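Report on the following structure.
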Amino acid sequence: MALGGYANRIAHIDLTQQSVNYQPIPEDWALKYIGARGLGVKYVFENGPQVEPLSPENILCFMNGPLTGSEANMSGRLAVVTKSPLTGTVTDSHHGGWSAARLRWAGFDGLIFKGKAPAPVYVYIHDEQVEIHDASNLWGKGVHEVVRHFQDLYGKKDLSVIAIGPAGENLVKFASWINENDRASGRGGTGAVGGSKNLKAIVIKAPKKLVKAADRAKWKKVQEVALAQIMDERVVTSPRKGGLSVYGTNVLMNMTNVIGGLPARNCQETAFGDQAELISGEHVKETILVNDPTCHACPVACKKEVEITEGPWKGLRMESLEYEPAWSFGANCGNSDAAAIAKCIDLCNDYGMDAIESGNILATYMEATQRGYTNGDGGIQWGDTMKMVELLHKTARREGIGNQMAEGVKRLAAYFGHPEIAMEVKGQSVPAYDPRGIKGMGLGYATSNRGACHLRGYTPAAEVIGNVLGPSTISDPLAWKGKGEMNVIFQNVHTVTDCLDVCKFATFAESMESFAAQYEAITGVPSSPEHLLKVGERVYNLERYYNNLAGLREGSDYLPERFTKEASTMPGSMGHVCELDQMLEEYYACRGWVNGVVPESKLKELEII
């Protein structure tokens with residue numbers, strides 16, 4: 001394959017046979033699906049949608065995009081793609097830091113695992129080679145200890161480690177892959193797929209070797225434009241000045257709270273009142289912030305490292321107190337103790353569990369306790385931080401009630417006999433935006449191909465933050481009309497960035513013209529915004545087609561009735577419900593789908609079949 005930006009090398013690793021086969025990327029696949037999420041989904045699709053997620057036949061892909069490891073802004077993202085044990089859908093979950101760049105510098109566009117090792121293993125990647133080694137001595141260890149082990153073994157310099165913890169080993173349905181910077185491929189249970197294969201870690205040793213553009217002169221010009229857009233003091237990404245850089249993602253806590261879009265106490269309420277300030281990015285910066293780490297090629301530095309100096313978790317230093325887990329362990333659990341939130345997030349990072357799902361699990365159990373649904377299985381009161389920590393241990397270890405919690409909120413609520421208290425879509429918990437106060441996000445949850453998710457199409461960029469994709473996308477968060485088209489736009493845009501693979505925060509500043517120019521300069525492939533958006537549409541439809549074939553058809557795009565029937569009682573969204581049915585009708589018309597199913601005509605139009 002002659003395209004620039006690619007190593008044109010995928011390692012196919014058969015863990016059953018303990019063998020590695022190196023193959024190029026089919027050029028037509030690269031042109032149609034680009035890389036990272038898109039290519040990963042294509043490989044998963046070709047492996048078959050009927051595969052059992054935790055079987056040896058399922059594949060587990062770690063994929064880069066053509067911008068990964070280059071000078072492109074925020075190009076340090078790695079996509080982990082597989083069939084999810086939590087949702088039964090295709091899923092992709094991305095993480096930052098340096099592991100993606102180092103994988104590319106080691107000479108790979110991706111790693112694809114299949115089979116099951118007879119005993120725990122890790123793979124060591126360096127100089128265009130993959131080695132399989134025994135990891136029996138690391139089985140049962142937390143991610144942090146595993147990272148230290150490999151840093152001692154191979155040296156810390158130029159080293160990345162991506163590992164599962166005990167949660168992945170114990171097949172917790174929302175187990176995650178975590179790297180040496182505590183960056184998580186959090187959602188969808190990709191870590192459980194690793195555990196089912198006896199794959200403990202991926203270790204990458206690679207010095208910096210920036211990817212060269214096919215057209216270096218053009219690249220220099222387009223990169224100057226892109227960097228100027230990121231640095232613009234008027235946008236949220238502006239280093240040391242924009243809200244995302246100064247306060248991190250948790251700048252959103254007060255913003256969503258004031259408009260009645262912050263779910264609280266398992267989404268029974270749409271705001272957390274004055275307590276939201278105590279877990280906000282502003283409060284964290286004033287009280288416990290100690291550092292602003294960043295990722296490869298990122299001037300924004302949105303990560304927020306904190307240190308606890310008093311109380312039961314005194315001495316804890318961790319990153320990062322992000323908005324989503326600060327909400328899931330905070331407002332959604334009726335908890336305003338930022339130190340306890342830090343402890344919960346750190347436990348999730350070490351055990352290798354999705355912090356969003358973990359907080360929702362606790363909140364579901366809290367509501368079951370509140371309503372007397374616990375079947376004699378004890379219980380937990382709102383805001384009981386010591387019990388929260390105890391239950392996270394039990395969940396990762398599948399001890400007692402933790403064995404039910406490890407199955408996810410949908411199965412936990414069903415275990416209690418009350419599925420209505422599970423705030424989920426397709427089996428995955430909702431993130432930190434209440435659909436009654438931010439209605440576009442409600443439609444986004446329902447139509448996400450990987451279950452409830454804010455990152456498939458981040459409509460709060462227009463509904464809460466403001467002008468991101470242009471004036472035509474600024475929208476009243478309480479209006480439902482037009483949100484179908486808006487979601488299609490945002491979903492296609494974010495699919496593109498996931499294929500390149502760059503951080504979604506780049507879209508807060510950079511234009512589609514900029515992304516197209518960067519893609520063209522680095523690969524040599526003529527491009528335009530229309531071309532990239534067509535790729536985004538193709539990948540989104542391929543995912544939907546996979547899900548349709550896997551059995552998710554009409555009626556799979558839903559919201560919990562709490563959002564559609566129980567009106568908000570909080571200021572900012574008082575009296576509102578989420579008008580999902582009306583928005584779905586508009587959305588399906590824009591997508592060309594029939595009640596959530598991709599018709600053959602659309603598949604042919606997009607050259608999927």
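What you see is a predicted model, and the numbers here were worked out from it, not measured in a lab.
- Under the 3.5 Å distance criterion, the side-chain polar atoms of Thr364 are left unmatched by any main-chain donor or acceptor of Asn266.
- Around atom CD of Glu485, no more than 12 heavy atoms belonging to other residues, nucleotides or ligands sit under 6.0 Å away.
- With respect to the salt-bridge test (charged N to carboxylate O, under 4.0 angstrom), the residues Glu579 and Lys483 do not qualify.
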Verify side-chain hydrogen bond (donor to acceptor under 3.5 Å, both in side chains) between Gln370 and Gln381, making sure each step is shown before the conclusion.
CA-CA 7 Å; Gln370 169 195 327; Gln381 302 300 316; over 6 Å; no

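- Dense packing is recorded around CD of Glu277, with more than 12 heavy atoms of other residues, nucleotides or ligands lying under 6.0 Å away.
- Aromatic ring centres of Phe272 and Trp327 lie farther apart than the 6.0 Å criterion allows.
- Interatomic distance, Leu321 CG to His283 NE2, rounded to the nearest 0.5 Å: 10.5 Å.
- Scanning for salt bridge (charged side-chain N to carboxylate O under 4.0 Å, His left out) contacts around Asp557 gives Lys426, Arg544, with sequence neighbours left out.
- Between Leu603 and Arg538, the closest side-chain pair of non-hydrogen atoms is not below 4.5 Å.
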One pair to check against salt bridge (Lys or Arg N to Asp or Glu O under 4.0 Å): Arg562 and Asp434. What are the steps and the verdict?
CA-CA 10 Å; Arg562 178 161 294 168; Asp434 196 292; over 6 Å; no

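- Judged as a salt bridge (charged side-chain N to carboxylate O under 4.0 Å, His left out), not a single pair has a partner in residues 545-555 (not counting sequence neighbours).
- Side chain of Ser573 to main chain of Gly437: no donor-acceptor pair is present (N/O by atom type, distance under 3.5 Å, no hydrogens or angles).
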May I have the step-by-step check of side-chain contact (heavy atoms from CB on, under 4.5 Å) for Tyr587 and Thr447, ending in yes or no?
CA-CA 9 Å; Tyr587 177 87; Thr447 58; 3.5 Å; yes

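- A 4.5 Å side-chain heavy-atom check between Cys344 and Val389 finds at least one atom pair inside the cut-off.
- Residues Thr249 and Glu322 bring a donor and an acceptor atom of their side chains to less than 3.5 Å of each other.
- No side-chain N or O of Glu367 forms a donor-acceptor pair with one of His418 less than 3.5 Å apart.
- Lys602 contributes no side-chain N or O that, together with a main-chain N or O of Gly592, makes up a donor-acceptor pair within less than 3.5 Å.
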Where do Tyr433 and Tyr445 land on the ring-ring contact (aromatic ring centres under 6.0 Å, His included) test, with the steps shown first?
CA-CA 10 Å; Tyr433 309 85; Tyr445 291 166; 7.3 Å; no

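- For the 3.5 Å distance criterion, the side chains of Glu357 and Ser429 qualify, holding a donor opposite an acceptor.
- Side chains of Lys83 and Thr89 form no contact here, defined as non-hydrogen atoms less than 4.5 Å apart.
- Across all non-hydrogen atoms, the minimal contact from Asn360 to Ile356 is ND2-O, 3.0 Å.
- Rounded to the nearest 0.5 Å, atoms CG (Asn250) and CG (Leu289) are 11.0 Å apart.
- Paired with Thr82 under the rule side-chain hydrogen bond (donor to acceptor under 3.5 Å, both in side chains), one option of Asp92, Thr190, Asn58 passes, and it is Asn58.
- With contacts defined as side-chain heavy-atom distances shorter than 4.5 Å, the pair Tyr458/Val493 does not qualify.
- Expressed to the nearest 0.5 Å, how far NE2 of His95 lies from OG of Ser185 amounts to 5.0 Å.
- Between Cys590 and Val488 the shortest heavy-atom distance is CB-CG2, 3.8 Å.
- Under the 4.5 Å side-chain criterion, counting only non-hydrogen atoms from C-beta, Tyr247 is not in contact with Met253.
- Looking only at distances, no side-chain donor or acceptor of Ser176 sits under 3.5 Å from a matching main-chain atom of Ile178.
- Contact between Met63 and Leu78 at its shortest, heavy atoms only, is O-CD1, 3.5 Å.
- Comment: Arg37 engages Glu543 in a salt bridge, judged by a side-chain N to carboxylate O separation of less than 4.0 angstrom.
- Between Glu407 and Lys173 a salt bridge is recorded (basic side-chain N to carboxylate O distance below 4.0 Å).
- Note: Phe416 and Tyr365 have parallel aromatic rings, judged against thresholds of 30 and 60 degrees for the angle between ring planes.
- In this structure, a donor-acceptor pair under 3.5 Å is absent between the side chains of Ser568 and His576.
- Taking every heavy atom of both residues into account, Lys304 and Val246 meet most closely at NZ-O, 3.6 Å.
- Between Lys343 and Asp337, no side-chain nitrogen of the basic residue sits less than 4.0 Å from a carboxylate oxygen of the acidic one, so the salt-bridge criterion is not met.
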Residues Arg265, Met366; criterion side-chain contact (heavy atoms from CB on, under 4.5 Å); working and verdict
CA-CA 8 Å; Arg265 296 179 179 85; Met366 288 172 176; over 6 Å; no

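- Judged by distance alone, with hydrogens and angles left aside, the side-chain atoms of Arg398 form a donor-acceptor pair with the main-chain N or O of Asn403 at under 3.5 Å.
- Judged as a ring-ring contact (aromatic ring centres under 6.0 Å, His included), and not counting sequence neighbours, Tyr33 has no contacts.
- Taking CD1 of Ile421 as the reference point, atom CG of Leu412 lies at 7.0 Å (rounded to 0.5 Å).
- Nearest heavy-atom pair, Gly427 versus Thr87, reported as atom, atom and distance to 0.1 Å: C-CG2, 4.3 Å.
- At least one side-chain heavy atom of Trp593 sits under 4.5 Å from a side-chain heavy atom of Asn541.
- Residues Arg591 and Gln491 bring a donor and an acceptor atom of their side chains to less than 3.5 Å of each other.
- For the 3.5 Å distance criterion, the side chains of Ser84 and Thr91 fail to qualify, holding no donor opposite an acceptor.
- Counted within 6.0 Å of CD on Glu561, heavy atoms from surrounding residues, nucleotides or ligands total 12 or fewer; the atom is thus considered open.
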So Cys267 and Val430, side-chain contact (heavy atoms from CB on, under 4.5 Å) or not? Walk me through it.
CA-CA 9 Å; Cys267 307; Val430 301; 4.0 Å; yes

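- Considering every non-hydrogen atom in both Leu54 and Ser196, the closest pair reads O-CB, 3.6 Å.
- A side-chain N or O of Glu282 and one of Asn254 form a donor-acceptor pair less than 3.5 Å apart.
- Separation of atoms CG (Leu391) and OG (Ser358) is listed at 11.0 Å; rounding is to 0.5 Å.
- Under a cut-off of 6.0 angstrom, the local environment of CD in Glu605 is crowded, with over 12 non-hydrogen atoms contributed by other residues, nucleotides or ligands.
- With no hydrogens or angles considered, no side-chain donor-acceptor pair links Lys504 and His94 at under 3.5 Å.
- Taking 4.5 Å as the limit, some side-chain heavy atom of Thr256 sits within range of a side-chain heavy atom of Tyr323.
- Looking at Thr564 and Val577, their side chains never come closer than 4.5 Å, going by heavy atoms from C-beta outward.
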Would you check, one step at a time, whether the test side-chain contact (heavy atoms from CB on, under 4.5 Å) holds for Leu392 with Leu362?
CA-CA 8 Å; Leu392 289 176; Leu362 293 172; 4.2 Å; yes

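- Interatomic distance, Asp354 CG to Leu86 CG, rounded to the nearest 0.5 Å: 8.5 Å.
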